[in-house]
Amino acid sequence: VISNVVYTDPLALFLSKTAEFVPQLGPRFGLDGNKVMPKNGGVESVETAIKMARYYGWKKKNIPDGKQEIIVFNNNFHGRMITVISFSSQSKYRDGFGPLTPGFVSVEFGNLDAVKAAVNKYTCGILVEPMQGEGGMKIPPPGFLQGLRKIADDNDLLLMLDEIQVGLGRTGKNFCFEHENIVPDGLILGKALSGGLIPLSVFITNTKLMDLAFDKGSDGSTFGGYPLACVAGVAALEVLQEEELAKASEVQGEKLKQSIMKIAGRSKHIKEVRGKGLFIGIEVKNRDAMIFCRKLLDLGIIVNDSHGHTIRISPPLNISDDETGFLIKCLEEVFLK
Ligand SMILES: Cc1ncc(COP(=O)(O)O)c(C=O)c1O
């Protein structure tokens with residue numbers, strides 16, 4: 001095993017490319033660039049973000065260790081390990097797996113007043129998906145991310161964005177936070193980071209914050225930053241940039257969404273269509289999206305449901321005009337016949 005003890009060329013290249021691809025995070029902590037902590041599955045990097053916020057609360061805000069609180073959101077999905085399921089609002093992820101991890105306060109997604117009300121002297125951070133993927137393909141009201149940024153600044157909290165599902169071009173921008181012209185203090189990426197080929201996720205933050213919280217070996221993972229994963233990561237970032245996949249996602253996504261809205265106008269099954277870029281949800285009236293997913297599978301389209309009631313349309317970012325046309329034809333077949 002070439003573990004993370006050994007520094008390899010692919011690791012160095014991947015870390016520097018990733019750190020530079022992301023705008024300076026947490027600029028209020030300085031402009032010395034970003035640092036990147038590589039892990040494997042996405043949930044591992046979510047846990048790094050949680051550790052970061054807690055440590056910051058303890059070290060910089062003098063919150064007694066063990067009392068730190070992080071604000072999270074109802075219907076969140078950040079993975080399936082113990083700490084993360086501890087603040088899931090879905091019993092299927094949580095029930096029977098106690099004792100659960102304390103230190104999280106969950107409020108309504110999109111509700112800034114609820115966030116303000118949840119802040120107290122123990123709060124150290126906010127952890128949020130800028131758009132909820134598993135939670136029903138939910139897009140928060142305009143101004144939500146800016147509002148979170150302001151609450152974080154006003155109360156000295158770390159704003160951590162989980163862009164594992166919606167980052168890297170999925171919503172028509174390289175990063176979802178660009179839709180509202182903010183930058184978070186910490187960012188979590190996964191899934192598409194290696195082109196979906198090999199487990200690879202990262203937690204990225206301001207250099208000062210990363211250095212504050214983690215010393216050599218105090219966080220890490222044997223396979224985190226494994227050379228093969230880093231080679232895939234470098235290639236995926238290059239393709240994303242060279243093929244301008246965020247722009248492609250914006251353009252194809254808009255076409256697709258317009259067509260789906262037209263189908264929705266003529267279909268008795270569709271309640272709502274929502275999304276940005278190639279992140280589109282079709283909420284169905286009978287609240288059983290899987291029935292329609294199966295019909296689409298019979299026609300050659302692989303889609304999953306989100307939160308039971310919504311079909312998740314999330315095709316590859318390099319989908320062609322012809323493929324988009326085929327997808328629309330299949331949706332017409334299922335929803336209009
Ligand atoms: C927003 C979000 N966070 C975290 C995760 C967990 O990632 P992984 O399954 O790679 O641990 C997912 C997976 O779907 C996700 O969508």
Side-chain angles (χ1 to χ4, degrees), residues 37-53 70-90 92-94 97 101 104 106 109-110 125-140 144-145 148 159-171 173-177 179 184 186-204 219 221-226 229 232-233 236 275-281 289 293 302-308 310-317:
M37 175 78 79
K39 297 278 178 69
N40 311 289
V43 69
E44 292 174 61
S45 290
V46 177
E47 293 241 346
T48 309
I50 290 168
K51 286 168 74 177
M52 175 78 246
I70 295 175
I71 297 173
V72 295
F73 293 88
N74 298 351
N75 291 326
N76 67 71
F77 184 82
H78 298 283
R80 298 182 187 87
M81 303 302 274
I82 291 288
T83 293
V84 164
I85 60 158
S86 297
F87 54 89
S88 173
S89 31
Q90 275 198 277
K92 79 168 176 188
Y93 295 129
R94 209 189 44 231
F97 301 115
T101 310
F104 300 95
S106 189
F109 184 63
I126 300 171
L127 173 65
V128 64
E129 299 154 88
M131 293 178 193
Q132 288 188 332
E134 301 292 320
M137 308 296 276
K138 289 276 166 65
I139 299 189
F144 180 58
L145 292 184
L148 290 182
L159 177 60
M160 308 287 193
L161 298 193
D162 178 347
E163 295 217 11
I164 288 175
Q165 187 157 157
V166 296
L168 300 171
R170 173 56 54 197
T171 68
K173 301 266 186 206
N174 282 333
F175 305 104
C176 208
F177 59 76
H179 289 294
L187 178 68
I188 309 154
L189 299 172
K191 292 194 195 282
L193 189 58
S194 64
L197 190 68
I198 292 181
L200 177 64
S201 71
V202 289
F203 170 66
I204 312 163
D219 196 72
S221 137
T222 301
F223 284 104
Y226 197 72
K276 267 196 176 20
L278 286 169
F279 177 84
I280 302 172
C293 294
I302 302 173
V303 283
N304 199 357
D305 78 308
S306 166
H307 220 72
T310 296
I311 300 167
R312 184 188 339 222
I313 306 288
S314 193
L317 302 188

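Order of listing sets the numbers, starting from 1, for every ligand and every atom in it.
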Could you list each nitrogen or oxygen of ligand 1 that sits under 3.5 Å from a protein nitrogen or oxygen, with the atom names and the distance?
unit_1, atom_1, unit_2, atom_2, d
ligand 1, 3 (N), Phe77, O, 3.4
ligand 1, 3 (N), Asp162, OD1, 3.4
ligand 1, 3 (N), Asp162, OD2, 2.6
ligand 1, 10 (O), Gly42, N, 2.8
ligand 1, 11 (O), Gly42, N, 3.2
ligand 1, 11 (O), Val43, N, 2.9
ligand 1, 14 (O), Lys191, NZ, 2.7
ligand 1, 16 (O), Gln165, NE2, 2.8

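- Applying side-chain contact (heavy atoms from CB on, under 4.5 Å) to Glu163 and the options Asn174, Leu187, Thr171 leaves one that passes, Leu187.
- Paired with Pro184 under the rule side-chain contact (heavy atoms from CB on, under 4.5 Å), one option of Leu161, Val128, Ile126 passes, and it is Leu161.
- Arg312 is linked by a salt bridge (charged side-chain N to carboxylate O under 4.0 Å, His left out) to Glu134, counting only residues two or more places apart in sequence or in another chain.
- The aromatic rings of Phe144 and Phe73 sit perpendicular to each other, their planes meeting at more than 60°, with 30° as the lower class boundary.
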Assess whether side chain to side chain contact (heavy atoms under 4.5 Å, CB included) is satisfied between Gln132 and His307, documenting all intermediate values. CA-CA 10 Å; Gln132 288 188 332; His307 220 72; over 6 Å; no
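- Residue His78 is tested with Leu127, Ile188, Val43, Ile50 for a side-chain contact (heavy atoms from CB on, under 4.5 Å); the sole match is Leu127.
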